[in-house]
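Worth knowing before you read on, the calculation uses all heavy atoms, side chains too, and leaves out hydrogens, waters and symmetry mates.
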Amino acid sequence: NMVKEALERVGEGFRILKIKCGIEPEKDIEVLKQIRKAVGDEIDLRIDANQGYDKETALYVLNEMTKVNLTEAEQPLPFWDVHGMAEVSQASPIPVMADESVHTPVQAQIACEHDACKIINIKLMKCGGIYPALQIADIAKKYGKPCLVGCFSESKLAISAAAAVVLAKENVESADLDSFFSFTNPEVGVTGGFKVEKDIITMSDKPGYGFDDYEF
C-alpha cells in the first residue's frame, strides 16, 4: 500500500516523499527499498520516525538506509533524549532533523549547542506563531544549520503564514506544507490565497496572506 501511494504521489507531480516509520525497523528498511525501486532515483526520499527508535536501533536503521539514498531522517529518538540525538546525529550517515525536540527558541538553542541535529523542523502551530518561528530560524543560522518549515493538519490560511516564513529566511531550505491537500475541500473558509501546481506553492501578490475573503 505504501509503494502504491508513493507511485500515486509521484504521478501527481510530487518530487519529495516523506515516509513514516519507527515501529518495525526491519519492515521500515524493506519498505524504503521497495519505494526507492518503484519511484526511481530522481525522487527525493525522506523518513520520519516520530521518536520511534532508541539510539542503537536508529543508527542501525540509518546505516542500512544509506543504500536507498535518503535526504534526511526526522526525529529518530524521543524528544527528551538530547544527548542520544546528539550521538545519533553526529554518527549518522544521513542528516538528522529535529522536530518534537524543538518547540521553542530555547529548545532550538539547546539542540544546536549539543549538535543534536543537522536540520530543524519549524512548525508555526508547534512554536506559537511567526515570531518564534523566525527566532528559531535565526538560532539555527547562527550554528550553520538549515531549517524546514512543516505543518500539522492546517487550512490554507495557516499554510500561507508558514509559507511566508519559508520566504523570509534564507536558511529555510525546504518546506513540508501539504496538509491542506487532505481536506475534502481545501478552499473551505477562504477565497483566493496562494496557488498550487503539482508540488509548487506560489504566493499571492496581494496584501497579507493574499486571501480575498474569510468565512468563520
Using a strict 4.0 Å threshold on nitrogen-to-oxygen distance, state whether Glu30 and Lys27 make a salt bridge.
no
Is Asp99 paired with Lys126 through a side-chain N to carboxylate O contact shorter than 4.0 Å?
yes
More than 12 heavy atoms of other residues, nucleotides or ligands under 6.0 Å from [atom1] of [X]: yes or no?
X	atom1	answer
Lys37	NZ	no
Phe181	CZ	yes
Glu42	CD	no
Ile23	CD1	no

Side chains of [X] and [Y]: does their closest heavy-atom pair fall under 4.5 Å?
X	Y	result
Pro76	Met85	yes
Lys141	Lys169	no
Lys145	Cys112	yes

Evaluate Gln75 against Ser101 for side chain to side chain donor-acceptor pair (under 3.5 Å), listing each step before the verdict.
CA-CA 8 Å; Gln75 199 65 45; Ser101 292; 2.8 Å; yes
Look up atom [atom1] in [X] and atom [atom2] in [Y], then write down how far apart they are to the nearest 0.5 Å.
X	Y	atom1	atom2	answer
Gln135	Gln109	CD	CD	11.5 Å
Asn69	Arg36	CG	CZ	5.5 Å
Ile122	His103	CD1	NE2	13.0 Å
Ile16	Arg46	CD1	CZ	4.0 Å
Asp54	Leu59	CG	CG	9.5 Å
Leu177	Cys151	CG	SG	5.5 Å

So, applying side-chain contact (heavy atoms from CB on, under 4.5 Å) with Ile47, which one of Leu62, Asp28, Thr71, Val68 is it?
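Only one option passes, and that is Leu62.
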For the side-chain contact (heavy atoms from CB on, under 4.5 Å) test, which of Met2, Glu26, Lys20 pairs with Val31?
Met2
Measure from the side-chain N and O atoms of [X] to the backbone N and O of [Y], and report whether any donor-acceptor pair falls under 3.5 Å.
X	Y	value
Ser92	Ser89	no
Ser174	Leu148	no
Asp48	Asn50	yes
Arg9	Gly13	no

Ile94 and Thr66: side-chain contact (heavy atoms from CB on, under 4.5 Å), yes or no, with the steps?
CA-CA 7 Å; Ile94 299 168; Thr66 56; 4.2 Å; yes
Taking the six-membered ring of Phe194, is NZ or CZ of Lys156 closer than 6.0 Å to its centre and within 45° of its axis?
yes
Other hydrophobic cluster members with Tyr143, side-chain heavy atoms of Ile/Leu/Val/Met/Phe/Trp/Tyr under 4.5 Å, chained?
Ile139
Determine, using the 4.5 Å side-chain heavy-atom cutoff (strictly less than), whether Ile19 and Val96 are members of one ILVMFWY cluster.
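Ile19 and Val96: one cluster.
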